[in-house]
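Take a look at the structure below.
Only heavy atoms go into these numbers, but all of them, side chains included; no hydrogens, no water, no symmetry mates. Naming: A, B, ... by sequence-line order, numbering from 1 per chain.
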2 protein chains.
Amino acid sequence: MDADLCRGARHSKEMHERSIAAEDFAAFAHLPLFSTLDADCLRKVTAEGKIVRYQRGDILFGQGEEANWLHILIDGQVGLTGSVSGSEETIVAILKSGDVFIAAAVLTGKPYLMGAKTLTASRLLMLPSGRLLSDLRENPDFALAMLTSLSKNFRSLVLEVKDLKLKSASQRLALYLMSLTPKREGSTILHLPHNKILIAGRVGVRPETLSRVFLAIKKEGVVSENQTVAITDLKRLADFCMEGDEII
Amino acid sequence: MDADLCRGARHSKEMHERSIAAEDFAAFAHLPLFSTLDADCLRKVTAEGKIVRYQRGDILFGQGEEANWLHILIDGQVGLTGSVSGSEETIVAILKSGDVFIAAAVLTGKPYLMGAKTLTASRLLMLPSGRLLSDLRENPDFALAMLTSLSKNFRSLVLEVKDLKLKSASQRLALYLMSLTPKREGSTILHLPHNKILIAGRVGVRPETLSRVFLAIKKEGVVSENQTVAITDLKRLADFCMEGDEII
DNA sequence: TGACCGCCTTGACCAACATCAATTCGCTGC
DNA sequence: GCAGCGAATTGATGTTGGTCAAGGCGGTCA
């Protein structure tokens with residue numbers, strides 16, 4: 001389905017990993033998972049963590065592998081992919097700075113249900129699963145932050161299930177485009193952050209269908225050219241994909 | 001989509017709610033969420049909870065309402081439904097004894113993304129959201145149990161997203177049937193726990209399509225008559241719906 | 001007993017999206 | 001400049017599952 005996600009060099013030469021230095025804290029202390037923790041707690045929780053840099057296209061881990069590290073994306077973009085029969089692959093989520101991922105696998109001690117690959121050069125903080133449970137037990141604030149993070153991810157996934165079951169491809173594309181801008185009325189011009197093969201995976205259609213869907217939503221005021229998309233009336237587009245009574 | 005889930009008497013006369021008595025603890029102390037807690041911790045955490053009994057078909061809450069109570073299903077069955085345009089409705093999950101639900105809404109303080117309705121007479125333990133955060137902070141074991149519970153639910157949802165995107169209706173029905181039995185080889189006879197309208201919603205198809213899909217998977221060794229289904233070769237059915245390399 | 005009702009099935013048809021194939025465009029390396 | 005490659009589009013066609021309509025079947029209730 002997605003050639004770009006199927007390839008990717010494992011352990012590329014440029015991958016760079018090291019333990020945490022004092023100046024690193026500034027890079028992640030403000031992330032949602034850590035912003036409620038005091039400095040002492042933060043230091044304890046990340047004591048055995050490491051900072052890893054990846055190049056674009058590197059594979060972080062594959063579906064089915066053992067979950068040994070909790071991943072926190074500091075900067076860059078990471079795609080989570082699920083597959084069922086080896087070749088068939090789909091994009092479950094595209095992550096952005098601050099996102100925590102595969103917490104569920106680490107906490108349940110089960111293998112990853114998804115694989116992960118960088119979409120751009122990325123920097124990650126990784127915490128070893130071995131001491132995560134005891135850290136959570138000893139730092140209630142950390143446990144609460146994890147619960148909050150997991151809850152938010154859970155709700156995103158619920159929305160995705162509902163959209164997949166109840167919405168058309170055009171509506172899902174419109175939702176995706178709306179997710180790229182905070183604006184909810186007026187017009188806007190935005191730049192697609194990924195290539196269209198990737199976006200097709202995210203929206204849940206084939207690339208060919210995405211092309212046609214981009215044509216179809218012209219009549220909803222969406223003009224696209226290459227990587228640039230102009231939306232003439234955000235409110236109208238919201239009506240089109242939310243159909244009235246949405247809860248975000 | 002599902003007449004049975006759209007109706008339902010709110011606050012039926014038979015609904016019965018009361019605070020927790022000593023003899024109640026036996027009913028829920030062994031549930032996964034509580035089994036790791038000591039008696040003292042369990043008493044504190046459930047101090048302001050209540051036990052509620054519902055009849056079949058009662059609506060527990062509607063999508064979009066404020067999340068004031070964490071729900072734990074002690075016995076019975078509850079269906080979670082999502083809707084996007086008022087009429088269109090889909091079943092996101094069917095819950096069983098011991099399941100915790102809408103934890104994510106309670107923890108993030110946001111409105112429910114799904115509605116809930118009993119499928120059979122049910123008994124629930126409900127904990128007020130007001131003191132949940134402080135209870136979690138003061139009882140690390142409880143916080144960990146919540147994290148575990150939420151993680152398991154999260155992983156089920158990931159599987160559902162993957163199945164919806166990558167599998168056919170027949171494969172999803174086969175997966176659903178396999179979820180009704182712990183056996184993984186040989187043959188078995190099982191009794192459908194819900195009516196077919198509900199199962200159709202769960203599988204993600206219309207009732208008419210479910211009928212046809214039941215016909216279609218006869219060639220995979222699934223013979224159905226009314227509420228009874230015979231599977232002649234579970235391994236073969238597993239091959240059919242997993243296509244090789246599944247991770248459960 | 002018969003009317004009614006909800007569940008379930010079946011048939012005919014239709015819409016949405018996938019698939020297969022061909023072509024264009026822009027980029028990269030030689 | 002041009003060969004080669006992948007991204008993106010477009011057309012023709014196929015498949016899946018939804019929609020609409022009709023009818024059977026098994027309950028319940030008067």
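For Ser122(B), the side chain to side chain contact (heavy atoms under 4.5 Å, CB included) partners are Leu73(B), Val78(B), Thr118(B), Thr120(B), Leu124(B), not counting sequence neighbours. Annotation: side chain to side chain contact (heavy atoms under 4.5 Å, CB included) contacts of Ser168(A) (sequence neighbours excluded): Ser170(A), Gln171(A). Listed by chain and residue number, His191(B), Leu192(B) satisfy the side chain to side chain contact (heavy atoms under 4.5 Å, CB included) test with Gln227(B) (two or more places apart in sequence, or in another chain).
Spacing between atom CG of Leu215(A) and atom C1' of dA8(D) amounts to 12 Å, rounded to whole angstrom units. In this structure, the CZ atom of Phe214(B) is 11 Å from the C1' atom of dC8(C), given to the nearest Å. Across the protein-nucleic acid pair, Asn195(A) atom CG and dC27(C) atom P stand 14 Å apart, rounded to whole Å. Between Leu164(B) atom CG and dA16(C) atom P there is a gap of 19 Å when expressed in whole angstrom units. Rounded to whole Å, atom P of dA7(D) lies 11 Å from atom CG of Leu198(A). Look at CD1 on Ile199(B): it is 12 Å from C1' on dC7(C), rounded to the nearest Å. Atom-to-atom, NZ of Lys165(B) to P of dA16(C) comes out at 20 Å; the value is rounded to the nearest Å. One can place CG of Leu166(A) at 16 Å from P of dA16(C), the figure rounded to the nearest angstrom.
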Under 4.0 Å protein heavy-atom contact, by nucleotide of nucleotides 11-18 of chain D - B base, S sugar-phosphate only: BB----SB
Which pairs of donor and acceptor atoms, one on a side chain in residues 92-104 of chain A, lie under 3.5 Å apart (sequence neighbours left out)?
residue	atom	partner	partner atom	Å
Lys96(A)	NZ	Asp99(A)	OD1	3.4
Ser97(A)	OG	Ile74(A)	O	2.8
Asp99(A)	OD2	Lys96(A)	N	2.9

Just list the side-chain donor-acceptor pairs under 3.5 Å for residues 214-225 of chain B, sequence neighbours left out, or say none.
none

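Between Cys241(A) and Lys167(A), the shortest heavy-atom contact is O-NZ, 2.8 Å.
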